[in-house]
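Working notes for the structure below.
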Amino acid sequence: MPVPAAVRVLVLGGTTEARRLAESLAGDRSVRVTTSLAGRVAAPRLPPGEVRIGGFGGPEGLAAWMREHDVDALIDATHPFAAAMSRNAAEAAALAHVPLLALRRPGWVAQDGDHWHSTGSLAEAAGLLPALGERVFLTTGRMGLAAFAGADLDALWFLVRSVDAPEPPGPARMAVLLDRGPFTLEGERELLRRHRIDVLVTKDSGGDATAPKLTAAREAGIPVVVVRRPPVPEGVPVAATPDEAAEWVRRF
């Protein structure tokens, strides 16, 4: 009796959840996983299984790659703010007639004592800062710093934390801290104290790895500007955890 072919899964990765999903499926002989990384991080943590690094050339290129490699299922486990890639994934899945699932960790929820200011973009976040503080802890990553480069923000000082060094343009007065989570609560408390931070800016990335900064800000009474995440493309089902995504794959 012939052995059934393994289900071929393409995971659009770059997140902790994508790596955990690959780890969950790696030992399953009925599944063959390829994780695609964009290549924007200089030294990414590679997941188990096959790994592909680099872009596809838009939705048409992604659809063509899936057809060429007989992909049975596509999982968009990219960063919650990778809106362009998520749109490309939805369009490519439709072109290639491949089922698509979005893997998204839940967003953060404000707690008692938080002083959050919700915004729809980095530019909107930048516009709030002059009224909130003078020493800004900017944790939105190395992309998009141009939003904080306006002359109306020249009086502010920024501590910019990112995995890789940011490129200009950026704030006129800033220090760069290269670091990668997970971060500890004690470490975040000390960072806020040492740099005399009086306002925090973050994207609603969710997850535990970078959440301690929110607790530290709450304890210190520091306002937090939170950029809302873009919605998942319409009609795409969502899994909140790698286990949920793995169950979806195993139903094929």
Side-chain angles (χ1 to χ4, degrees), residues 14-15 37-44 55 78-86 107-108 110 113-207 209-230:
T15 60
L37 303 177
R40 291 177 178 170
V41 176
T78 57
H79 192 277
F81 282 82
M85 189 66 240
S86 293
W108 291 315
D114 282 329
H115 302 284
W116 285 13
H117 301 263
S118 179
T119 69
S121 67
L122 292 176
E124 186 179 340
L128 295 178
L129 292 179
L132 295 176
E134 298 180 351
R135 297 182 67 83
V136 184
F137 184 21
L138 188 58
T139 65
T140 56
R142 67 187 182 92
M143 310 294 288
L145 289 188
F148 302 91
D152 53 337
L153 301 179
D154 284 354
L156 308 186
W157 180 87
F158 290 79
L159 176 65
V160 177
R161 183 166 69 190
S162 62
V163 175
D164 293 319
E167 298 179 356
R173 301 173 61 222
M174 73 172 185
V176 175
L177 174 62
L178 300 183
D179 205 354
R180 185 201 299 263
F183 302 105
T184 67
L185 177 55
E186 186 56 39
E188 298 295 63
R189 287 168 174 158
E190 171 60 19
L191 187 148
L192 297 183
R193 185 198 63 77
R194 181 173 6 111
H195 293 282
R196 296 180 287 115
I197 299 299
D198 55 15
V199 59
L200 167 66
V201 182
T202 185
K203 294 178 178 178
D204 180 17
S205 300
T210 61
K213 63 189 174 187
L214 301 175
T215 303
R218 183 188 314 128
E219 292 176 349
I222 292 173
V224 181
V225 180
V226 182
V227 181
R228 295 186 297 273
R229 60 174 61 178

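Model, not experiment: these values are computed from the prediction. Count residues from 1 along the sequence.
- Proximity of Glu134 to Asp198: side-chain heavy atoms (C-beta onward) are separated by under 4.5 Å at one or more points.
- Remark: side-chain polar atoms of Thr139 are paired, donor with acceptor, to backbone N or O of Val201 under 3.5 angstrom.
- Within the 4.5 Å cutoff, side-chain heavy atoms of His117 are placed close to those of Leu132.
- When all heavy atoms of Gly170 and Ala149 are compared, the pair lying nearest together is O-CB, 3.2 Å.
- In this structure, Ala217 and Leu200 approach most closely via the heavy-atom pair CB-CD2, 4.2 Å.
- A salt bridge links Asp114 with Arg218: the closest approach of a Lys/Arg side-chain nitrogen to an acidic carboxylate oxygen falls below 4.0 angstrom.
- With hydrogens and angles ignored, the 3.5 Å screen pairs no side-chain donor or acceptor of Arg135 with any backbone N or O of Phe158.
- In this structure, the side chains of Thr119 and Leu128 come closer than 4.5 Å at one or more pairs of heavy atoms.
- At a threshold of 4.5 Å between non-hydrogen side-chain atoms, the residues Leu192 and Arg189 do not count as touching.
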Taking it one step at a time, do Thr140 and Leu122 satisfy side-chain contact (heavy atoms from CB on, under 4.5 Å)?
CA-CA 9 Å; Thr140 56; Leu122 292 176; 3.8 Å; yes
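- A distance-only check finds a donor-acceptor pair linking the side chain of Arg229 to the backbone of Ser205 [under 3.5 Å].
- Remark: side-chain polar atoms of Ser162 are not paired, donor with acceptor, to backbone N or O of Ala165 under 3.5 angstrom.
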Could you walk me through whether Arg161 and Glu188 pass the salt bridge (Lys or Arg N to Asp or Glu O under 4.0 Å) test, one step at a time?
CA-CA 12 Å; Arg161 183 166 69 190; Glu188 298 295 63; 2.8 Å; yes
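- The two residues Lys213 and Thr210 come nearest to each other via the heavy atoms CG-O, 3.1 Å.
- For the atom pair Leu214 CG and Ile222 CD1, the distance stands at 11.5 Å (nearest 0.5 Å).
- The heavy-atom pair separating Leu37 from Gly14 by the smallest distance is CD2-N, 3.4 Å.
- Arg142 places none of its side-chain heavy atoms less than 4.5 Å from the side chain of Val163.
- Atoms CG and CG, on Leu138 and Leu177 in that order, are 12.0 Å from each other to the nearest 0.5 Å.
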Check the pair Leu178 / Val176 against side-chain contact (heavy atoms from CB on, under 4.5 Å), numbers first and verdict last.
CA-CA 6 Å; Leu178 300 183; Val176 175; 3.7 Å; yes
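- Here the closest non-hydrogen pair linking Thr78 and Thr15 is C-CG2, 3.5 Å.
- The CH2 atom of Trp108 sits 11.0 Å away from the NZ atom of Lys203 when rounded to the nearest 0.5 Å.
- Listed here is the closest heavy atom pair of Val227 and Gly120: CG1-C, 4.2 Å.
- In this structure, CG in Leu191 is found 4.5 Å from CZ in Phe137, a value given to the nearest 0.5 Å.
- Here the options are Leu153, Val160, Leu156, the test is side chain to side chain contact (heavy atoms under 4.5 Å, CB included), and the partner is Phe148; only Leu153 passes.
- No side-chain heavy atom of Val136 sits less than 4.5 Å from a side-chain heavy atom of Ile197.
- Rounded to the nearest 0.5 Å, atoms NE2 (His195) and CG (Leu159) are 5.0 Å apart.
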